[in-house]
Undergrad: 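Questions regarding the structure given below will be posed in turn.
We're numbering straight along the sequence, starting at 1. When a ligand or atom number is given, it counts from 1 through the structure's own listing order. FYI, side chains are in, hydrogens and waters are out, and symmetry mates aren't considered; it's all heavy atoms of this structure.
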Amino acid sequence: MNIAIIGTGYVGLVTGTCFSEVGHNVVCVDCDESKVKLLQGGGIPIYEPGLEEMVKRNVAEGRLSFTASTAEGVGKSDVIFIAVPTPPLEDGSVDLSFIERVARDIAGAMTSYKIVVDKSTVPVKTGEKVAETIKRYCKADCEFDVISNPEFLREGFAVEDLMKPDRIVIGSASERPNEAMREIYEPFNAPIIFTDINSAELIKHAANSFLAMKISYINAVAAICEASGANVEEVANGIGMDERIGRRFLNASLGFGGSCFPKDLSAFIRISDDLGYDFGLLKEVQKINAGQMDRFLKKITETLWILKDKTIGVLGLAFKQNTDDVRMSPAIEICQRLLKEGASLRVYDPKAMEKARELLPAEGVTYVDDMDSVADGCDALVVATEWPQFKELDLAKAKEGMTSPILFDGRNLFDPSELEQLGFTYKSIGR
Ligand code: UDX
């Protein structure tokens, strides 16, 4: 198939690359010319395991290219995917101006039948608006179909999720475009759900909100575990083995972050409100998530008492493992709050230090190049991101360099009894 992808963010770039990997001809379009130049020169603007090699291979084999011209992308393609950002507005609603802009650009460039597929996360009923917009601005008066095809990839595992999806959701108003969509997705060997556009759009918000709810649920259970002396991991294993519940997304933490869950949750609450339903359950999910950070900070202040002039080592800045993304990162929030209390920080992240510099103040933060020296001279150590390599930290050596051996583990990476044996004061979540 000949495919255009508009927008080369996480979703667009990885989707386009994986489509080319299975043999489709893909042109990725982005209005940011510097990004297009970077990609054309073999550079990758994000860190995503496995992506760089895949981009290089497909560019070399002539199936993947990049351009800043929407008209070029539309002209070369039968199917056009929209994968532009849908950021939150102040009031929790979704900014759809990028989607509308792209719909107009596509309409202006169309000269024959096209299938326009929305992959961005959008409120239910957006497909209808996109179709109206294309109709209004299409000078050539050609036929087209609008499809909703939400993307469920996780950052850090994006290539894996794209190549082996649990399911593909296709929302369309007629049968006509479905054959082409089947052909695009056939190489991925995943079940395809064909449904109407509104349901497809709703599936995405409902799925992300459910997963966020699962995390807040286990975080609330973690609070009860702390109050009662139970262990949240034992509880998560026990309930997770029930196939109706499942163990995944039951890891107690500092709370969820990133560019999706917080935004999609607010959007879904707002969408429901607009449709006349008060989704109180999801408001509670948000409240528990915010409270998680407060409870963690309280553990730190209860132990260290005054934070002013204390030095705290922070392991992890990304919002989760395997990514350099720091947007809405709980790790960044904890850094900001510790700094506000007057502490100085020694921070380390395997991938996210550069991006963190843009969010953290210049003063009071020392960026440490290797994990093993983070603890040097620290009054306490905080684990804020679940990078698996943090488990390899030489704790005995870290302890030697610390003023006092205290570790606050916001990701339950370490074994409490091991840490206690080593002489650490160790506080984690729900254990
Ligand atoms: C999420 C969805 O998983 C994905 O399907 C959707 O397409 C985009 O949003 P992503 O934001 O990349 O993906 O990250 P995810 O792995 O879902 O983690 C989100 C946040 O929840 C992270 O901060 C993570 O650390 C946290 N989390 C996740 C927990 O605190 N506990 C868990 O058990 C799982």
Side-chain angles (χ1 to χ4, degrees), residues 9-15 46-49 51 83 85-86 88 119-122 149-162 164-169 200-201 203-222 232-233 235-237 239-240 245-268 285-286 288-293 295-296 315-334 349 352 383-388 390 409-413 428-430:
Y10 273 97
V11 171
L13 182 57
V14 184
T15 305
I46 50 170
Y47 170 73
E48 194 58 49
L51 183 63
T86 49
K119 223 177 211 319
S120 304
T121 302
V122 293
N149 170 218
E151 182 49 59
F152 301 99
L153 63 80
R154 292 162 302 162
E155 286 182 23
F157 300 90
V159 172
E160 192 184 316
D161 285 350
L162 231 309
K164 289 190 214 121
D166 288 346
R167 78 308 202 182
I168 308 288
V169 175
E201 289 169 339
I203 285 170
K204 178 62 197 263
H205 274 122
N208 270 3
S209 300
F210 188 88
L211 291 169
M213 181 182 75
K214 232 180 146 181
I215 299 168
S216 276
Y217 182 79
I218 203 66
N219 280 335
V221 171
V232 73
E233 279 183 6
V235 177
N237 290 340
I239 62 176
I245 296 173
R247 177 64 179 83
R248 293 175 76 192
F249 280 69
L250 284 181
N251 294 320
S253 66
L254 276 175
F256 55 79
S259 65
C260 291
F261 282 176
K263 163 180 93 93
D264 291 352
L265 207 52
S266 302
F268 201 28
V285 170
Q286 286 182 318
I288 294 168
N289 201 50
Q292 209 53 18
M293 184 64 69
R295 292 181 352 95
F296 190 68
L315 286 165
L317 297 165
F319 83 99
K320 62 170 194 178
Q321 61 171 312
N322 272 345
T323 181
D324 63 352
D325 198 344
V326 290
R327 288 175 293 172
M328 301 290 286
S329 168
I332 296 288
E333 188 180 340
I334 197 88
D349 188 286
V383 177
T385 308
E386 72 277 32
W387 283 100
F390 292 162
D409 186 350
R411 297 294 191 160
N412 289 354
L413 276 193
S428 56
I429 313 276

Undergrad: With Trp387 as reference, evaluate Asn322, Leu315, Leu317, Thr323 under the side-chain contact (heavy atoms from CB on, under 4.5 Å) test and give the passing residue.
TA: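 The side-chain contact (heavy atoms from CB on, under 4.5 Å) with Trp387 is passed solely by Asn322 among Asn322, Leu315, Leu317, Thr323.
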Undergrad: What heavy-atom pair brings Tyr10 and Tyr47 nearest, and what distance separates the two atoms?
TA: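 Closest approach of Tyr10 to Tyr47: OH-O, 4.3 Å.
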Undergrad: Which part of Leu153 is near ligand 1, with near meaning a heavy atom under 4.0 Å away: side chain, backbone, both or neither?
TA: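 The answer is the backbone of Leu153.
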Undergrad: Output yes when a side-chain donor or acceptor of Glu48 lies under 3.5 Å from a complementary backbone atom of Ala158, and no otherwise.
TA: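 Flag set: sc Glu48 to bb Ala158 pair under 3.5 Å.
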Undergrad: What heavy-atom pair brings Phe152 and Asp161 nearest, and what distance separates the two atoms?
TA: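 Between these two residues, the closest heavy atoms are O-OD2, 4.3 Å.
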Undergrad: Taking all atoms of both residues into account, what is the closest heavy-atom pair of Arg327 and Phe319, and its distance?
TA: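 Result for this residue pair: O-CB, 4.1 Å.
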Undergrad: Looking at atom 9 (O) of ligand 1, what's its closest protein heavy atom, distance included?
TA: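 The closest one turns out to be Cys260 CB, 3.0 Å.
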Undergrad: Would you mind running through ligand 1 and noting each atom that sits below 4.0 Å from a heavy atom of Glu386?
TA: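 The atoms of ligand 1 under 4.0 Å from a heavy atom of Glu386 are 25 (O).
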Undergrad: Is there a heavy atom of Gly258 sitting under 4.0 angstrom from any atom of ligand 1?
TA: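 No.
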Undergrad: What residue and atom, counting heavy atoms only, is the protein's closest point to atom 34 (C) of ligand 1, and at what distance?
TA: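 Atom 34 (C) of ligand 1 sits closest to the protein heavy atom Phe249 CD2, 3.5 Å.
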Undergrad: For residues Ala331 and Gly316, report the shortest heavy-atom separation together with the two atoms involved.
TA: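 Minimum heavy-atom contact is CB-O, 3.4 Å.
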Undergrad: Starting from atom 5 (O) of ligand 1, locate the nearest protein heavy atom and write down its residue, its atom name and how far away it is, to 0.1 Å.
TA: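 Here the closest protein heavy atom is Phe152 O, 2.6 Å.
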Undergrad: For atom 1 (C) of ligand 1, what's the nearest protein heavy-atom neighbour? Residue, atom name and distance, please.
TA: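 Protein heavy atom at minimum distance: Phe261 CE2, 3.5 Å.
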Undergrad: Taking non-hydrogen atoms only, is Leu250 closer than 4.0 angstrom to ligand 1 via side chain, backbone, both or neither?
TA: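 The backbone, only.
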Undergrad: Using a heavy-atom cut-off of under 4.0 Å, does the side chain or the backbone of Phe157 touch ligand 1, or both, or neither?
TA: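 Neither part.
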Undergrad: Could you establish whether Lys214 and ligand 1 come within less than 4.0 Å of each other, counting only heavy atoms on the residue side?
TA: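 Lys214 does not count as a contact of ligand 1 under the 4.0 Å cut-off.
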Undergrad: Main chain of Ser253, side chain of Gln292: is a donor-acceptor contact present, judged purely on distance under 3.5 Å?
TA: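 Yes.
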Undergrad: Please work out which of the three classes, parallel, tilted or perpendicular, describes the rings of Phe268 and His205, given edges at 30° and 60°.
TA: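 Parallel, since the angle between the ring planes stays under 30°.
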Undergrad: Taking atom 30 (O) of ligand 1 as the point of reference, which of Gly257, Ala212, Pro330, Ser253 owns the nearest heavy atom?
TA: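 Among Gly257, Ala212, Pro330, Ser253, the closest heavy atom to atom 30 (O) of ligand 1 comes from Ser253.
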Undergrad: Atom 3 (O) of ligand 1: which protein heavy atom is closest, and how many Å away?
TA: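 The protein heavy atom lying closest is Arg154 CG, 3.4 Å.
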Undergrad: May I ask whether Arg248 places a heavy atom under 4.0 Å from ligand 1?
TA: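 No, that is not the case, since the closest heavy atom of the residue is not under 4.0 Å from the ligand.
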Undergrad: Would you name the heavy atoms of Ala200 and Pro150 that are closest together and state the gap between them?
TA: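 Looks like O-CG, 3.5 Å.
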Undergrad: Tell me which one of Ile429, Asn412, Asn237 satisfies side-chain contact (heavy atoms from CB on, under 4.5 Å) with Val232.
TA: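 Going through Ile429, Asn412, Asn237 one by one, the side-chain contact (heavy atoms from CB on, under 4.5 Å) with Val232 is satisfied by Asn412 alone.
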Undergrad: Which heavy atom in Ala352 sits nearest to a heavy atom in Asp349, and how many Å separate them?
TA: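 Heavy atoms of Ala352 and Asp349 come nearest at N-OD1, 2.8 Å.
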Undergrad: CD1 of Ile288 to CD1 of Ile215: how many Å apart, nearest 0.5 Å?
TA: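 It comes to 12.0 Å.
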Undergrad: Hey, is Ile215 touching ligand 1 through its side chain, its backbone, both or neither, going by heavy atoms under 4.0 Å?
TA: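 For Ile215, only side-chain atoms sit under 4.0 Å from ligand 1.
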Undergrad: Can you tell me the protein heavy atom closest to atom 21 (O) of ligand 1 and the distance?
TA: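 Among all protein heavy atoms, the one nearest atom 21 (O) of ligand 1 is Phe256 CB, 3.2 Å.
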Undergrad: Could you check atom 33 (O) of ligand 1 against the protein and tell me its nearest heavy-atom contact, residue, atom and distance included?
TA: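 Result: Asn251 N, 2.9 Å.
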Undergrad: Output the list of atoms in ligand 1 that are nearer than 4.0 Å to some heavy atom of Glu151, sorted by atom number.
TA: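 Counting from 1, the qualifying ligand atoms are 7 (O).
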Undergrad: Give the single entry among Arg411, Gln292, Arg327, Glu155 that approaches atom 12 (O) of ligand 1 most closely by any heavy atom.
TA: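 Answer by nearest heavy atom: Glu155.
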Undergrad: For atom 18 (O) of ligand 1, what's the nearest protein heavy atom and its distance?
TA: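 Nearest neighbour among protein heavy atoms for atom 18 (O) of ligand 1, to 0.1 Å: Lys320 CD, 3.9 Å.
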